Amino acid sequence: MHYEIRSRDRIKILFWEEGGYWSCARRLEEGTFRWPSMEGACARYRREELLLLLGGIDLKETQARKWYRRKIENK
């Protein structure tokens with residue numbers, strides 16, 4: 001889940017792993033993050049999407065290919 005800052009040059013990310021949460025923050029010296037529109041204050045991304053977003057790739061300009069993804073069961 002991520003929290004978006006209005007200026008779009010900063011991001012705070014909250015991760016859950018067994019044993020607790022961990023968070024990280026990033027601030028860009030120049031430019032802005034291009035986050036897809038979302039409902040509410042938080043969003044969820046797959047690891048691939050997050051890496052693209054943090055790398056400066058606009059997800060609106062990309063398209064996911066259809067391929068098999070195994071569903072992970074929650075314990």
Side-chain angles (χ1 to χ4, degrees):
M1 129 176 27
H2 88 279
Y3 298 93
E4 183 179 324
I5 310 299
R6 282 188 189 225
S7 63
R8 295 185 178 250
D9 67 344
R10 298 177 194 168
I11 184 171
K12 293 181 182 179
I13 302 172
L14 180 64
F15 287 94
W16 166 255
E17 289 185 326
E18 287 186 35
Y21 288 97
W22 64 272
S23 65
C24 59
R26 183 171 183 186
R27 180 182 171 273
L28 298 176
E29 292 291 322
E30 295 181 16
T32 59
F33 289 106
R34 175 68 182 216
W35 297 106
S37 58
M38 60 184 183
E39 297 176 14
C42 299
R44 289 181 179 223
Y45 298 102
R46 293 191 324 260
R47 110 184 84 210
E48 298 90 356
E49 293 171 322
L50 182 59
L51 289 172
L52 288 171
L53 290 168
L54 292 174
I57 306 297
D58 184 353
L59 290 183
K60 284 186 177 182
E61 302 296 324
T62 63
Q63 179 176 317
R65 305 272 311 182
K66 291 185 179 182
W67 55 295
Y68 175 75
R69 290 187 195 278
R70 183 171 36 159
K71 302 234 185 218
I72 298 173
E73 296 180 26
N74 292 332
K75 293 184 178 181

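All figures in this text were calculated on a predicted structure; none of them were measured in a lab.
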Say whether I11 and L51 are linked into one hydrophobic cluster, either directly or through other cluster members, by side-chain heavy-atom distances under 4.5 angstrom. no
For residues I13 and L54, determine if any side-chain heavy atom of one lies less than 4.5 Å from a side-chain heavy atom of the other. yes
Would you compute the distance between atom CG of L50 and atom CG of L59 and round it to the nearest 0.5 angstrom? 9.5 Å
About how many Å separate CD of E30 and CG of D9, when rounded to the nearest 0.5 Å? 11.0 Å
More than 12 heavy atoms of other groups within 6.0 Å of R47 CZ: no
Hey, could you give me the CD1/OG1 distance between I57 and T62, rounded to the nearest 0.5 Å? 8.0 Å
For L14 versus S23, what's the shortest heavy-atom pair and its separation? CD1-CB, 4.2 Å
